[in-house]
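Here's the structure we're looking at; comments come further down.
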Amino acid sequence: MLLVETAGITEPRAVQIGFAAAYIANLVLLRNFVYRSTRGWRRDVVRYVFVNGAFRVGEYFVFLALYDNFGAPYPIALLTVLALSAFLKFFAYRALFAARRPQSRTK
C-alpha cells in the first residue's frame with residue numbers, strides 16, 4: 001500500500017512489486033530459519049521457484065478477480081488473498097523444506 005500512497009504506482013502494479021520482493025525474502029528466511037533445511041540449495045531453490053511461483057501467480061489472479069470482477073476494495077482484496085495464501089503456504093513449505101523423520105523400524 002505504501003507504493004500506491006507515496007509513489008503513485010497503480011494498485012495492480014504495486015501488488016506485483018510486493019509479490020516479487022516477498023518471493024526472494026521468503027526463500028532465504030524459510031529455508032534457513034523456519035524449516036532449517038539440510039538439503040542442497042540447488043534442490044531447494046528449484047522446488048521453491050516452482051511452488052512459490054505457482055502461489056504468486058495464483059495470488060495475483062485471485063486478487064484481480066476480487067478487485068476487478070467483484071469490486072472488492074483494494075486493501076480488502078489484498079489482505080484476503082494474502083491471509084488465505086499464508087495459511088495454504090504453511091503446509092506447502094513444510095512439505096518442501098522440512099526434513100523428514102526416519103521411519104521407525106520396530107515390528
Would you say [X] and [Y] are hydrophobically clustered, going by side-chain heavy atoms of ILVMFWY under 4.5 Å?
X: Tyr93; Y: Val45; result: yes
X: Leu29; Y: Trp41; result: no
X: Tyr48; Y: Val46; result: no
X: Phe91; Y: Leu84; result: yes
X: Phe19; Y: Val57; result: yes

Check: [Y] and [X] side chains under 4.5 Å, non-hydrogen atoms:
X: Pro73; Y: Tyr67; value: no
X: Leu96; Y: Asp44; value: no
X: Ile9; Y: Leu3; value: yes
X: Lys89; Y: Glu59; value: yes
X: Leu88; Y: Phe55; value: yes

Exercise. Just how far is it from atom CZ of Phe63 to atom CD of Gln16, taken to the nearest 0.5 Å?
Worked result: 10.0 Å

For this session: With sequence neighbours left out, write down each residue that passes ring pair (Phe, Tyr, Trp, His ring centres under 6.0 Å) with Phe70, or none if nothing qualifies.
Result: none

For this session: Would you confirm whether Ser85, through its side chain, and Val81, through its main-chain N or O, come within 3.5 Å as a donor-acceptor pair?
Result: no

For this session: Please report the C-alpha distance between Tyr60 and Arg56 in whole Å, then the side-chain angles of each, then the deciding distance to 0.1 Å, and finally whether the side chain to side chain contact (heavy atoms under 4.5 Å, CB included) criterion is met.
Result: CA-CA 6 Å; Tyr60 186 66; Arg56 295 296 176 196; over 6 Å; no

Problem set entry | Other residues, nucleotides, ligands: >12 heavy atoms within 6.0 Å of Phe87 CZ | no

